[in-house]
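In what follows, chains are A, B, ... by sequence order, proteins preceding strands, each numbered from 1.
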Amino acid sequence: MKIATFNINGIKARFQALSDWLDEAQPDVALLQEIKSVDENFPREMFEDKGYQVETHGQKSFNGVAILSKLPLEDITRGLPGDDSDEQARWIEATVVGKQAIRLCGLYLPNGNPVELSADGTPVPGGKYAYKLGWMQRMQTRAEALLAEEIPFLMAGDYNIIPQAEDAKKPEAWRDDALFRPESRAAFRRLMNLGLTEAFRARNRAPGQYSFWDYQAGAWNRDNGIRIDHFLLSPQCADMLTDCQIDKQIRGREKPSDHVPVWVELDN
DNA sequence: ATGACTTCTAGTAGAAGA
């Protein structure tokens with residue numbers, strides 16, 4: 001089963017590019033982020049015509065996640081548990097039913113900039129960086145609950161985390177950024193230290209492998225990128241991993257997203 | 001260089017992204 005994640009940066013602006021990529025890459029499942037659309041305006045028929053079941057968790061203007069699947073989806077839930085006051089659409093779960101069922105978590109982790117710190121160095125409560133770290137703590141709690149079930153699951157999407165210096169062309173430029181600060185990377189490590197496998201690094205140790213290039217300052221032409229779109233696999237899911245790749249060439253096309261798809265192949 | 005691009009919503013600028 002081929003499962004992909006793709007931050008499309010707006011479904012209206014990316015419809016053609018997404019459609020073309022689906023036709024070529026033929027993922028069984030696509031986890032989408034930043035659909036920037038309410039559920040009613042998502043062009044679901046266009047994907048249903050390609051054979052996908054479409055489940056969205058949308059929001060006006062910003063954020064929004066979705067799952068497209070050629071295999072049946074069950075037990076769909078929307079929103080990351082742990083804070084009923086959080087209205088941002090960044091999390092969707094479903095169980096994809098193949099030979100073995102896999103619980104899918106599609107996520108759009110908060111960016112976290114600008115970083116605002118109190119005098120004691122802790123994030124200012126109510127600020128964007130505090131929201132990011134709090135969101136990651138809720139994600140940790142959700143991962144612990146799923147691990148306790150001992151089922152195959154994965155958490156994939158735009159993490160807005162640069163895990164290591166080798167995941168950025170210019171790591172020094174990101175030192176104080178919410179994507180690379182020690183607190184952000186530590187929270188990502190805490191997830192991995194639960195026993196989750198980062199699929200790309202399990203298959204490829206090469207530096208300079210990126211999934212995002214800024215629109216500005218010729219970042220793509222200079223290969224000035226960062227790797228921030230990730231798959232974390234539960235132990236039972238990691239057993240099935242046979243491949244993980246980044247569809248880098250997509251970034252050089254007409255009217256691209258600033259992210260490219262990342263995908264795993266699972267033998268399930 | 002509190003910038004460059006691109007998206008969204010709104011309605012001619014502004015917010016947000018990373």
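Counting any heavy atom pair closer than 4.0 Å across all strands shown, A/Asn160 reaches sugar-phosphate atoms only and no base atom. Among the heavy atoms of the strands lying under 4.0 Å from A/Asn7 are primed sugar atoms or P, OP1, OP2 only; no base atom is included. At a threshold of 4.0 angstrom between heavy atoms, the contacts of A/Asn111 include nucleobase atoms, whether or not backbone atoms are also involved. As judged by a 4.0 angstrom heavy-atom cut-off over every strand, A/Tyr159 is placed among residues making no nucleic acid contact. Within the nucleic acid shown, A/Lys128 comes within 4.0 Å of sugar-phosphate atoms alone, with no base atom in reach, counting heavy atoms only. In this structure, A/Asp158 reaches the sugar-phosphate backbone alone: every heavy-atom distance under 4.0 Å involves primed, P, OP1 or OP2 atoms, never a base.
Atom CH2 of A/Trp213 and atom P of B/dA18 are 15 Å apart (whole Å). Here the P atom of nucleotide B/dT6 and the CD1 atom of A/Ile11 are 19 Å apart, to the nearest Å. We find that CG of A/Asn113 is positioned 17 Å from P of B/dA15, with the value rounded to whole Å. Rounded to an integer number of Å, the gap from CD of A/Gln88 to P of B/dA16 is 10 Å. Look at CG on A/Asn63: it is 17 Å from P on B/dT7, rounded to the nearest Å. If you take CD1 of A/Ile228 and P of B/dG17, they are 12 Å apart, rounded to a whole angstrom. A/Asn41 has its CG atom 8 Å from the P atom of B/dT9, to the nearest Å. Regarding A/Lys36, its NZ atom lies at a distance of 15 Å from the P atom of B/dA15, rounded to whole Å.
The 5' end of DNA chain B is approached more closely, in terms of each residue's nearest nucleotide, by A/Ser61 than by the other of A/Arg90 and A/Ser61. The 5' end of DNA chain B is approached more closely, in terms of each residue's nearest nucleotide, by A/Gly10 than by the other of A/Gly10 and A/Ile226.
With hydrogens and angles left out, the side-chain atoms of A/Gln245 and A/Asp243 include a donor and acceptor closer than 3.5 Å. Between A/Gln33 and A/Asp158, the side chains place no donor N or O within less than 3.5 Å of an acceptor N or O (distance only, hydrogens not considered). A donor-acceptor contact under 3.5 angstrom links the side chains of A/Arg103 and A/Thr95, judged on distance only.
For A/Asp84, the CG atom counts as loosely surrounded, since its 6.0 Å shell holds 12 or fewer non-hydrogen atoms of other residues, nucleotides or ligands. More than 12 heavy atoms of other residues, nucleotides or ligands shown are found within 6.0 angstrom of CD on A/Gln249.
Contact check, A/Tyr108 against B/dA18: a side-chain N or O comes under 4.0 Å of OP1 or OP2. Distances shorter than 4.0 Å separate some side-chain N or O of A/Lys60 from OP1 or OP2 on B/dA10. For A/Lys12, a side-chain nitrogen or oxygen approaches OP1 or OP2 of B/dT9 to under 4.0 Å. Between B/dT6 and A/Arg14, no contact under 4.0 Å exists linking OP1 or OP2 to a side-chain N or O. The side chain of A/His259 contributes an N or O atom lying less than 4.0 Å from OP1 or OP2 of B/dA18. Regarding contacts with the backbone of B/dT7, a side-chain N or O of A/Lys255 is found under 4.0 angstrom from either OP1 or OP2.
In this structure, of B/dA16, B/dT7, B/dA10, it is B/dT7 that holds the atom nearest to the side chain of A/Asn9.
Here the rule is side-chain hydrogen bond (donor to acceptor under 3.5 Å, both in side chains) with A/Trp213, and of A/Asn221, A/Asn224, A/Asp223, A/Asp258 only A/Asp223 fits it.
For the P atom pair drawn from B/dA1 and B/dG14, the interatomic distance equals 24 Å after rounding to whole Å. Separating the C1' atom of B/dT2 from that of B/dG17 is a span of 15 Å, rounded to the nearest Å. Comparing B/dA16 with B/dA10, their C1' atoms sit 15 Å apart, to the nearest whole Å.
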